[in-house]
Amino acid sequence: MRTRVLSACIALILLCLSKVNGQLNSTYYDSTCPSLLSTVKAAVTAAVAKEKRMGASLVRLHFHDCFVNGCDGSVLLDDSSTITGEKTAGPNNNSLRGFDVVDTIKSKVEAVCSGVVSCADILAIAARDSVIALGGRTWTVQLGRRDSLTASLSGANSKIPAPTLNLSGLISAFTAQGLSAKDMIVLSGAHTIGQARCTTFRSHIYNETNILSSFATSLKANCPFSSGDDNLSPLDLQTPTTFDNKYYINLKSQKGLLHSDQELFNGGSADSQVTTYSNNQATFFSDFATSMVKMGNINPLTGSSGEVRTNCRKPN
Ligand code: HEM
Ligand SMILES: *[C@@H]1O[C@H](CO)[C@@H](O)[C@H](O)[C@H]1NC(C)=O
Ligand SMILES: *[C@@H]1O[C@H](CO)[C@@H](O)[C@H](O)[C@H]1NC(C)=O
Ligand SMILES: *[C@@H]1O[C@H](CO)[C@@H](O)[C@H](O)[C@H]1NC(C)=O
Ligand SMILES: *[C@@H]1O[C@H](CO)[C@@H](O)[C@H](O)[C@H]1NC(C)=O
């Protein structure tokens, strides 16, 4: 009897310990790398000052990292003889950018605390600092992720939502990650910054009706029917380099660039949340911060799982 009680107690303690180990916290590097946050912030601020779009590109890198086997830096791995990376996946090829900037941030971090900070955590901090650099609100970044030893090309092809999805498809892609419809709608607000290639919105402007026709017409000059695949247009036509709530205001006047954007205001269940954010930027900022932390918590490697990569492009 006594041993059974004892083993039950031990099991409970082990369960609690494993729970604590699996959790991120904001003070993870306080003693091992006290200058981490200021180092990353300075590097992100410099990169965004040089090219504002880079802020958008860094936010997207964190998203594409987290949606494939969790936030584990897998998106940063280059193809090699032993690894097939995620960079050539449909949603990423000729599209993801900022890898050089991540290398620069990582080398500055390595210079102040060598071998301590994961690439996955650097992406999470850089995404937050990018939002701030473009005028958004701050949040506390949770830390303690470790880097993967592998990547998943098939995961990148299947888990990252496509711009052709309808509202229920978008919601499913997020619930598959443990995120809610509300998270999906608010995180889509990241499309208040950055650019998209013609190939990602061509059918929306030529073949669809849930778009303001004058807006569709204005986009066609730079996105011909059968050429110019890589030509860029801003995801937020009003303020493409400012993190604000204009994305939602655009949706209300049928000026979403991607099919998937306009699905959020198309007479369906997402309409009311879009209206709320279009009327209240502070609510958008606050909900965005909450959902970014939630996204950053997707399936991290913690404890002794994975490793802290020296070079974000390859396992040690
Ligand atoms: C809801 C489903 C989503 C879909 C279907 C989607 C789709 C896309 C597409 C097609 C592009 C343009 C890519 C290209 O031109 O190659 C894009 C760009 C972008 N996405 Fe999303 N996205 C979604 C959610 C998100 C989320 C959750 C975030 C971040 C929290 C995000 C951040 C961005 C940013 C910042 C850009 C611009 C990147 C740049 O200019 O480099 N997206 N997205
Ligand atoms: C943060 O997490 C690490 C690793 O799990 C742990 O060692 C540390 O005690 C935690 N800090 C706090 C304040 O919970
Ligand atoms: C990725 O893009 C390159 C350059 O445009 C192209 O040659 C290659 O075929 C693409 N890879 C895949 C897997 O689509
Ligand atoms: C959304 O797309 C899925 C898959 O393409 C389709 O089965 C479903 O009927 C669509 N839903 C609506 C409401 O159009
Ligand atoms: C638009 O739809 C037509 C008819 O379905 C199709 O032939 C064409 O390729 C589509 N164009 C684009 C840009 O999606």
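As the structure lists them, so they are numbered: ligands from 1, and atoms in each ligand from 1.
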Next item on the list: Report the part of L258 (side chain from C-beta onward, or backbone N, CA, C, O) that has a heavy atom under 4.0 Å from ligand 1; answer both or neither where that applies.
Entry: side chain

Next item on the list: Enumerate the atoms of ligand 2 whose separation from the nearest heavy atom of Y28 is less than 4.0 angstrom.
Entry: 2 (O), 3 (C), 4 (C)

Next item on the list: If you have a sec, work out which protein heavy atom is nearest atom 35 (C) of ligand 1 and how many Å separate them, to one decimal?
Entry: A56 O, 3.2 Å

Notebook entry, point to check: Can D78 and K87 be counted as an ion pair, charged N to O under 4.0 angstrom?
Noted result: yes

Margin query: Q23 versus ligand 2: do any nitrogen or oxygen atoms come within less than 3.5 Å of each other?
Written below: no

Note to self: Suppose we measure from atom 25 (C) of ligand 1 to each protein heavy atom; which comes out shortest, and what is that distance?
What the structure shows: F63 CE2, 3.2 Å

Next item on the list: Go through the steps to decide whether S80 and K314 satisfy the test side-chain hydrogen bond (donor to acceptor under 3.5 Å, both in side chains), and finish with yes or no.
Entry: CA-CA 8 Å; S80 73; K314 53 180 197 198; over 6 Å; no

Notebook entry, point to check: Under a 4.0 Å heavy-atom limit, does L170 contact ligand 1 with its side chain, its backbone, both, or neither?
Noted result: side chain

Notebook entry, point to check: Are R313 and D100 within salt-bridge range, i.e. N to O under 4.0 Å?
Noted result: yes

Next item on the list: With heavy atoms only and a cut-off of under 4.0 Å, state how L187 meets ligand 1: side chain, backbone, both or neither.
Entry: both

Check: Just going by heavy-atom distances, which of G194, P161, P234 is nearest to atom 3 (C) of ligand 1?
Finding: P161

Next item on the list: Just go through S95, A190, S188 and tell me whose heavy atom is the nearest to atom 30 (C) of ligand 1.
Entry: A190

Item checked: atom 15 (O) of ligand 1 [closest protein heavy-atom partner, distance rounded to 0.1 Å] -> R197 N, 2.6 Å

Next item on the list: Below 4.0 angstrom from a heavy atom of T27, which ligand 2 atoms are there? Numbered from 1 as shown, please.
Entry: 11 (N), 12 (C), 13 (C)

Next item on the list: Ignoring hydrogens, tell whether any protein atom lies closer than 4.0 Å to atom 12 (C) of ligand 4; use the non-hydrogen atoms only.
Entry: yes

Check: In terms of residue, atom name and distance, what is the protein heavy atom nearest to atom 2 (O) of ligand 4?
Finding: N166 ND2, 2.3 Å

Item checked: S168 near ligand 4 by a heavy-atom separation under 4.0 Å -> yes

Next item on the list: Measure from atom 5 (C) of ligand 1 to every heavy atom in S233, A162, S130 and give the option owning the shortest one.
Entry: A162

Notebook entry, point to check: Looking only at heavy atoms, is any part of L235 under 4.0 Å from ligand 1, and if so is it the side chain, the backbone, or both, or is it neither?
Noted result: side chain

Note to self: If the cut-off is 4.0 Å to any non-hydrogen atom of N25, which atoms of ligand 2 fall inside it?
What the structure shows: 1 (C), 2 (O), 3 (C), 8 (C), 10 (C), 11 (N), 12 (C), 14 (O)

Notebook entry, point to check: Does any N/O atom on Q195 come nearer than 3.5 Å to any N/O atom on ligand 1?
Noted result: yes

Checklist line | Per atom 11 (C) of ligand 1, closest listed option by heavy atom (M54, M184, R53, R60) | finding: R60

Margin query: Among all the protein's non-hydrogen atoms, which is closest to atom 6 (C) of ligand 1, and how far away is it?
Written below: H191 CE1, 3.5 Å

Notebook entry, point to check: Does F201 reach ligand 1, in the sense of a heavy atom lying below 4.0 Å from it?
Noted result: no

